[in-house]
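The model shown is predicted, which means the values in this text are computed figures rather than measured ones. Computation of the quantities below employed the complete heavy-atom set of this structure, encompassing side-chain atoms and omitting hydrogens, waters and symmetry-equivalent molecules.
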Amino acid sequence: MMNEEFDDIEKQLWEQMGNLPTPNPSPNMKTRFHAMLDTYKAEVEDKKASSFSVFLMKLKQVFTYKTSNNWAYAIILIMMSGIIGYFAGKPNNQAVADQNDVKKLSSEVQEMKEMMMLSMLENPTATERLKAVSYTQELNKVDDKVIDALLTTLNSDPNENVRLVTLEALIQLGNNPRVREGLVQSLMKQESPLVQVALADAMVKLQEKRSVKQFKQLLQKENLNKAVKGKIEKTIQVLS
């Protein structure tokens, strides 16, 4: 009897998966793709330059990186989503009875997505960290833990492309006061001209006037890129 019930659930699961809509491409997909492509090319060049260094890095990953379960997470997410669809498709009287179960499963799916995203941000491979940032769009609710992780990535990730894509993700969360404050504070922590210019554009887009003080301090930095300096001066004029 249990086998029959399991087979029925499995059948419903595959039917639900077959009915999943095809998502429309994100407006930022092209930017993220080129960022991932550039990062991949750089990683390939690094591997060619020093095969021994790569060997040591791989050896280190074996002992330090413990989040190689991303595929397992993905499979669990698909199965849980299918089960939610299965319960939601029951008759009304049964749907009411299973409402708590559906809510619990939804919460667990959200927690699983968040856990996968946070774990991938710690991956030593830049392409995996880029994927992690893109998973932010899959979260129904972005909590402080995720925001803090994204801000940390923006301020300290060694890969410029990862920082740029992270900034794009944070701009999408610009209505959150914690995000806006974090972006303002990030201005003095960036050394890359590309990221500095992107942050200037972000402040204009968000109309974050508090950033004017930070921009004025940034202008006092020695060896500031001339193009960046011009961009900041224009940004101050727009926001003042």
Side-chain angles (χ1 to χ4, degrees), residues 13 16-17 19-36 39 65-88 98-157 159 161-186 195 198-199 202 205-206 208:
L13 170 62
Q16 291 290 334
M17 289 173 62
N19 293 329
L20 289 174
T22 302
N24 293 322
S26 167
N28 297 323
M29 183 181 68
K30 184 176 181 179
T31 301
R32 289 200 299 271
F33 170 76
H34 285 292
M36 292 180 68
T39 301
Y65 184 59
K66 304 298 183 182
T67 54
S68 58
N69 306 328
N70 292 337
W71 278 108
Y73 288 150
I75 292 172
I76 292 173
L77 289 177
I78 293 173
M79 292 183 65
M80 294 179 74
S81 299
I83 293 172
I84 290 174
Y86 169 75
F87 282 118
D98 293 328
Q99 186 175 9
N100 291 334
D101 292 334
V102 173
K103 289 181 178 179
K104 182 179 179 181
L105 284 171
S106 297
S107 176
E108 290 176 355
V109 168
Q110 173 76 5
E111 291 177 4
M112 185 68 70
K113 288 180 178 179
E114 181 178 305
M115 180 171 62
M116 180 173 67
M117 180 260 188
L118 292 174
S119 68
M120 290 178 68
L121 278 178
E122 299 176 359
N123 195 304
T125 305
T127 50
E128 289 299 304
R129 299 198 300 278
L130 282 168
K131 292 177 184 177
V133 175
S134 69
Y135 286 162
T136 307
Q137 299 180 358
E138 302 295 326
L139 299 177
N140 297 327
K141 181 181 179 181
V142 178
D143 59 20
D144 290 346
K145 186 188 300 184
V146 172
I147 290 174
D148 289 344
L150 290 174
L151 288 172
T152 298
T153 301
L154 173 64
N155 293 328
S156 60
D157 195 280
N159 186 281
N161 287 326
V162 174
R163 297 200 301 276
L164 287 170
V165 173
T166 301
L167 176 58
E168 289 183 6
L170 286 165
I171 292 173
Q172 301 303 315
L173 304 172
N175 291 329
N176 187 303
R178 194 183 191 95
V179 171
R180 298 176 77 97
E181 177 64 24
L183 291 177
V184 171
Q185 296 302 321
S186 179
V195 179
L199 268 170
K205 183 176 182 178
L206 298 175
E208 185 50 72

I'd like to check the side-chain contact (heavy atoms from CB on, under 4.5 Å) partners of Lys145; sequence neighbours left out, ordered by chain and number. Glu114, Leu118, Asp143
Leu167: which residues meet the side-chain contact (heavy atoms from CB on, under 4.5 Å) condition with it, sequence neighbours left out? Leu154, Ile171, Leu183, Ala198, Leu199, Ala202
Can you tell me how far CG of Leu139 sits from CE of Met116, rounded to the nearest 0.5 angstrom? 8.5 Å
Just verifying a value: how many Å separate Glu168 CD and Ser134 OG, rounded to the nearest 0.5 Å? 11.0 Å
Ile147, Val179, Asn176 screened by side-chain contact (heavy atoms from CB on, under 4.5 Å) with Val142, the one that passes: Ile147
Side chain to side chain, Leu150 and Leu173, heavy atoms closer than 4.5 Å: yes
Which residues share a side chain to side chain donor-acceptor pair (under 3.5 Å) with Thr153, sequence neighbours left out: none
Go through the structure and list residues passing side chain to side chain donor-acceptor pair (under 3.5 Å) with Glu181, not counting sequence neighbours. Gln185, Arg210
Looking at every heavy atom in both Ser186 and Asn155, which two are closest together, and how far apart are they? OG-OD1, 2.6 Å
Output, in order, the C-alpha distance, side-chain angles, deciding distance and verdict of side-chain contact (heavy atoms from CB on, under 4.5 Å) for Met117 and Leu121. CA-CA 6 Å; Met117 180 260 188; Leu121 278 178; 3.9 Å; yes
Partners of Arg129 by salt bridge (charged side-chain N to carboxylate O under 4.0 Å, His left out), sequence neighbours excluded? Asp157
Residue list, salt bridge (charged side-chain N to carboxylate O under 4.0 Å, His left out) with Asp148, at least two apart or on another chain: Arg178
Kindly compute the distance separating CZ (Arg180) from CG (Asn175), expressed to the nearest 0.5 Å. 7.0 Å
Which heavy atom in Ala132 sits nearest to a heavy atom in Met120, and how many Å separate them? CB-CB, 3.4 Å
